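Scroll down for the structure; my scribbles are underneath it.
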Amino acid sequence: MLLDIDPNINVIAVSKQRTPAEILPLLQSGHRLFGENRVSEAFEKWPSLRESFPGVELHMIGALQTNKVAQAVEVFDVIQTLDREALADTLAAEMARQNKSLSCFIQVNTGEEPQKAGCRPQALETLYRYATEQAGLNVIGLMCLPPIDEVCALHFGLLRQLAGNLGLKNLSMGMSADYKTALRYGATHVRLGTALFGPRDLSPYKA
Ligand SMILES: *Cc1c(COP(=O)(O)O)cnc(C)c1O
């Protein structure tokens, strides 16, 4: 059990910018759930780590460009950042080609920040219908990254409400600084980097 978090919660160890040597102790302790935010970096590190540690579940938690989808489907198990119809189409086509089925979360831009990925809350239902009914994807939950300068609880509450409206059970919300609040709002998946590994800028990893 990591950080005294209820064992029913999915703790995603965010291993971006961490070397395999930094990731190894967690794998050796039995942890199998990890997140990366860049396709190329995941490709560099995880195929060999997986050979030594079967059962790893790797989540894509960063913005996904359509030209990286083939590689993403190859290296990841779950995509948390589905946020547009074109990406749903590309993911579905690539999963069919590789004969792999990855579960997806839709990323919602709860703060409606122009620079941030994620679909707008008002566009969520249409995207959800498209992704499940047209593209045939297995959408299992919602994910968000609240604006850094706002009360995170409002965003976690909104995400929970949106998921409830669609009957979706999984909520990926909460990072090192705010995961305890996210858990109070019903997070099923928390994404923890610095809380598990320490400050990222001390890592020797250079992508
Ligand atoms: C880096 C990252 C995290 C983890 O951040 P910490 O503050 O180090 O816990 C969580 N989610 C996403 C999408 C990230 O990019």
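Small disclaimer: the values here were computed from a predicted structure and weren't measured. Heads up: numbering here begins at 1 and tracks the sequence. Remember, it's 1-based here, ligands and their atoms both numbered in the order they're listed.
- Taking a cut-off of under 4.0 Å to the non-hydrogen atoms of Leu192, the atoms of ligand 1 that pass are 9 (O).
- Within 6.0 Å of CG on Asn99 lie no more than 12 heavy atoms contributed by other residues, nucleotides or ligands.
- Surrounding CG of Leu202 are more than 12 heavy atoms belonging to other residues, nucleotides or ligands, all under 6.0 Å away.
- The proximity of Thr194 to ligand 1, defined as any non-hydrogen pair under 4.0 Å, involves the side chain as well as the backbone.
- When the options Glu36, Met175, Arg38 are ranked by their closest heavy atom to atom 10 (C) of ligand 1, first place goes to Met175.
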Inset, instruction - List the steps and the verdict of salt bridge (Lys or Arg N to Asp or Glu O under 4.0 Å) for Glu36 and Lys45. - result: CA-CA 10 Å; Glu36 290 279 349; Lys45 296 189 298 197; 3.0 Å; yes

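- At a threshold of 4.5 Å between side-chain heavy atoms, the hydrophobic network of Ile, Leu, Val, Met, Phe, Trp and Tyr places Ile12 and Leu82 in two separate groups.
- For atom 2 (C) of ligand 1, the closest non-hydrogen atom on the protein side is Lys16 NZ, 2.7 Å.
- Heavy-atom neighbours of Lys169 NZ from other residues, nucleotides or ligands within 6.0 Å: at or below the threshold of 12.
- Ligand 1 has a nitrogen or oxygen under 3.5 angstrom from a nitrogen or oxygen of Gly193.
- Counting the atoms of ligand 1 from 1 in the order shown, those under 4.0 Å from a heavy atom of Arg191 are 4 (C), 9 (O), 10 (C), 11 (N), 12 (C), 13 (C).
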Inset, instruction - Report the C-alpha separation of Arg120 and Asp83 in whole Å, then their side-chain angles, then the decisive distance to 0.1 Å, and conclude whether the salt bridge (Lys or Arg N to Asp or Glu O under 4.0 Å) test is met. - result: CA-CA 9 Å; Arg120 289 177 309 121; Asp83 65 355; over 6 Å; no

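- Residue contact annotation: Arg200 has a non-hydrogen atom under 4.0 Å from ligand 1.
- Scanning the protein for heavy atoms near atom 6 (P) of ligand 1, the closest one is Ser176 OG, 3.5 Å.
- For Phe76 and Trp46, the ring centers are positioned 6.0 Å apart or more.
- Of the listed residues (Asp178, Thr81, Asn37, Ile61), the one carrying the non-hydrogen atom nearest atom 12 (C) of ligand 1 is Ile61.
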